[in-house]
Structures are given as structure tokens and as C-alpha cells.
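Single-structure report; data block below.
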There are 2 protein chains.
Amino acid sequence: MSKPPARIRLADAAFALFDERGYEQTTVDDIAERAGVGRTTFFRHYRSKEAVIFPDHDRLLELIRDRLATAGHSTALVAVSDAVRLVLLHYIEEGDLARRRYALTSKVAALRDREIASVARYQRLFREFIADWMGDPTASASLRAELMAASVVAAHNHVLRRWLRGESSDPVEEIDEAMREVLALFPAPSATTAAHDGGTTVVAFRTGQDLDALLPSLRRVIEGASGG
Amino acid sequence: MSKPPARIRLADAAFALFDERGYEQTTVDDIAERAGVGRTTFFRHYRSKEAVIFPDHDRLLELIRDRLATAGHSTALVAVSDAVRLVLLHYIEEGDLARRRYALTSKVAALRDREIASVARYQRLFREFIADWMGDPTASASLRAELMAASVVAAHNHVLRRWLRGESSDPVEEIDEAMREVLALFPAPSATTAAHDGGTTVVAFRTGQDLDALLPSLRRVIEGASGG
DNA sequence: CACTGCAACGGTACTGAGTACCGTCTAGTA
DNA sequence: TACTAGACGGTACTCAGTACCGTTGCAGTG
């Protein structure tokens, strides 16, 4: 019966102590002692006390980067959807561990802030990828890339949190549906550029009425947009 | 010639030292010494070494909260736009100080993370406000509130960063235009709910053609959506 | 003037995260 | 056996942040 490696024992000890005493009330010395290793060994495996909760953000970033790198111009949005699904699946595979982490980040402000900072790095990755894909350096296109990346990440967070709270039985189906909704918000980039030369603008909406009943208000919307 | 109050002297000293030696290379003792006060006094005025860079995030949060609180149901989106403009104006009034902070947050990861965490608090405020406004507790509405809040904040950040980098001469006009673009992405909430009962869906796009030329493809899109 | 209360300040001492460095033990190999 | 490399433990240090205490200065009050 050989003991599990120190890295695992440290993580187990940390989660257990955080549950028992709370995060701030647990020192690194406590964690190392329960894991049966020296304090130095803790910092050899984890850069900080916070990092023991988020072991593999770097790996996850690489995962996204790799998936996006395989995309051609016509498959860019598919790559984005795939990358988001990949991240979600990663958390789901963690199972109970992800839920314990969620319980901690919900209570401890320092951990929540760190989580948010990590998510911002994902968002940056998506934003740069989408901006490159658009290939249009104007301020307007840059804004659209920013909005799109923010929406993509928000959709992921929304589905993930639902699953973490036990409100979702099929998170993969939910993320696919959410991504469809996000992508539907944004026009194809080839069409958008033409609009700046004073074309017709059609805004997105959904209604119970049929198309013919909608035409008058459609026209009004279009004229309002081109007039303002 | 009376000296400025300690709070100001500390901020000045901190920014000066961060410029000279860098953030990590500057200790709180250094800052206090240059400001001519004791170390204790530093922590009386600023909760942490990072906080000296971001003095008034709490006040800004209150500003947003107050503006949103005055909104009625029909003026909710106006309140959101106003609140965002308020935040942007706050930074602009800081002028050079905001630009120095930007230079610091661009270099120091710890400061950038803190900035991001603060922005996330704004986003949460907007998300809760929008969700309340929608008054629809379904998962779909919750996602839409999340997407909208994320887009609102992303638009603000985009315009703010452009101004901070000196790429914008009229940031107020830019934020108004950006907010128009954001709000155009999202259908009115009364219309959205009907769509789930199998109504007509109109997707957003822009084109150089006029509306009549577009109708056939519009119909095709709608049938494709209701069929899938 | 003497007294009181209060607010801002300075100093000391402490906890705990994170870093640097050094010595030790052990497994694998020539 | 001798050598080497990696994982480990221990010590000592820096620095952020907290707790506590005493001091100073200034307002108002008798």
C-alpha cells in the first residue's frame, strides 16, 4: 500500500482543511503537516496557497490555444464553439472536485478574484482569435470582436455555473444551445463591412407574429437606424 | 504653504516610486517614508498596497447602483447606458492619473488581476439589474441577462482602453455609439419570451441591399430556423 | 485656563505568504 | 563502490497586513 504522490496528498489535505476551518484560517504549514511533507515541498508543487485550488489553468489555456490554432477561416466559429465545449467538459470531468472548488470560490473573495482573472485570460485568447479572424483593424470591428469574446465566455460561465449548482442535467446540450444563441447575435463579418457604406440594417428579434405582420415595424426600425 | 493631506502625498509617492523602481521593487515602507508618514498611516488610508492605485472603486460602484436605482421599467436601458457613461466620464476626469494607472496595470500582473476583479463587480451589478428588469427566471432569460451585461461591460472597456491609449478623441460619442450597437444586438424582452412558443425568428445581419430585395432570403432563414 | 473628548498619527510586535539557500536521502547507473 | 540527479526537509529571510498602545494636536466646555 504505497502512499499517493505528495502533489495529490497536498491537494487532498488543502481541500479537507479548507472545508473544516475555512480558507483564511488554514495556513500552508497546516496543509503541509497534514499531507506529511515539509513546507518547502508545498511550494515546490504549487506556486501559492491559492494555486492548490486551481491546478491546471495553464493546461486549459493550452487546450484552447491548440484547438483554435487548427481552425481555418471558414471554420473559425466552429473552433470557438469546440474550444468552449472543451473547457466545459474539462470541468465536468473533474466532477466533485469542481463543485468543491465552486463552494470555495463562492465564499472566499480572494479565490473568486483569482478565478475571474483566469477567465479573463480565456476571454483574451478568444478576443485575439476573433479579431484575427475578422481581419479588420477598424475600431468597429475591434469592438465587435470584444463583444463576441465577452459573450462567448459569458455563455460558458452561465452554463458551467448552472451545472455546478446542480441546475443542469445536460450541460453539453446547454452549451451548444447557448453558443448557437451567441453566434446568432453576431452577423457574419463579410456582411458587416458592407453596412458601413450605408446599407440596410436588420436588427435581430423574435416574436410570435409572422413575417408579413412584422414588415411595417421592420421598415420603421431600418429607417430609424439609417436616419440616426 | 501647507502640505497636502497624507492621503494625497501617499498616492503621489506611490505612483512616483512605482514609475522609478517598479511595483514589486517598491515596499510600503518606501512609500510611507517618501510621503513623510509612518507605515501605519499608509494602511489607515489604503487597505493594501494595490489599493493605492485604485482608490475609489467602491464609490464608483455606488454611482452605478444609484443611477440604476432611479430607473423605471421602460427606462431601464437608458439607465444602463447612463451608468456606463458615468463610469467612463469618471475615468476621463481623472485624466493623466488614469493613464498612469493603465501603464501600471499593463505591466504588473497582480494589478491587472485586481482591475479585472473590480470590473467583474460592475458586471455583476449590471447583470442583476438586467435580470430583474427582464423579470423572467428561466434559464434562457438568465443567459440573455448574462450576455447583455458582459457586452455592456465589454463595450465600456473597449472605449475606455482606446481613450487610455490615446486612440480616441471623443470617447463619449464612442461609448454612446458602442452602447447603441450593444443594445441593437438584443431584442426587447417582451418579444423574446414569445419566441419560445414557436414564433417567427429574424436573424440579424447587415447588407447593402434594400429590404424588399432581402425578403426572400429572410423567409428562407426563418423557415430554416423553425425547421431545425 | 484647565479639562475632556476625539481624530489622526507613529511605533512596536506579531502572523503568515513567498523566496533563497543549503544539506540530506534515495534511486538509478557506470 | 562511486557518481549523479531529483525530490525532499530545514533554516532564515523579506514583506504585506493586523493588532495594539501611546502620543500629539485641536475642538469645545466649564
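On a predicted model such as this, the values are computed, not experimentally measured, just so you know. Per chain, numbering begins at 1; letters A, B, ... match sequence-line order.
Taking atom NZ on A/Lys49 and atom P on D/dA16, their separation rounds to 18 Å, with Å as the unit. What separates CG of B/Leu111 from P of D/dA16 is a distance of 13 Å, to the nearest Å. Rounded to an integer number of Å, the gap from A/Asp29 CG to D/dG10 P is 11 Å. Atom CD in A/Gln25 sits roughly 10 Å away from atom P in C/dG16 (whole-Å rounding). Atoms CD (A/Glu50) and P (C/dG16) sit 17 Å apart, rounded to a whole Å. Rounded to whole Å, atom P of C/dA7 lies 17 Å from atom CZ of B/Arg7. One atom, CZ of A/Arg9, and another, C1' of D/dA7, lie 12 Å apart when rounded to the nearest Å. Separating the CD1 atom of B/Ile31 from the P atom of D/dG17 is a distance of 10 Å, rounded to the nearest angstrom.
Relative orientation of the A/Tyr46 and A/Phe42 rings is tilted, given thresholds of 30° and 60° on the angle between their planes.
In this structure, B/Arg165 places its CZ atom where more than 12 heavy-atom neighbours from other residues, nucleotides or ligands lie under 6.0 Å away.
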Please tabulate the protein-to-nucleotide N/O contacts below 3.5 Å involving nucleotides 19-27 of chain C, giving atom names and distances.
none

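Note on B/His45: a side-chain N or O is less than 4.0 Å away from OP1 or OP2 of C/dC9.
A cation-pi arrangement is absent between A/Lys107 and A/Tyr102, since the terminal nitrogen or guanidinium carbon is not both under 6.0 Å from the aromatic centre and inside a 45° cone about the axis.
One finds a salt bridge joining B/Asp19 and B/Arg100 here, because a Lys/Arg side-chain nitrogen approaches an Asp/Glu carboxylate oxygen to under 4.0 Å. B/Arg99 and B/Glu94 are not joined by a salt bridge, as no carboxylate oxygen comes within less than 4.0 angstrom of a charged side-chain nitrogen.
The nucleotide whose nearest atom lies closest to any side-chain atom of A/Thr41 is, among D/dA16, C/dA17, D/dC8, D/dC8.
Applying the salt bridge (charged side-chain N to carboxylate O under 4.0 Å, His left out) test to pairs two or more places apart or on separate chains, those with a residue in residues 76-90 of chain A are A/Arg67-A/Asp82, A/Asp82-A/Arg85, A/Arg85-A/Asp176.
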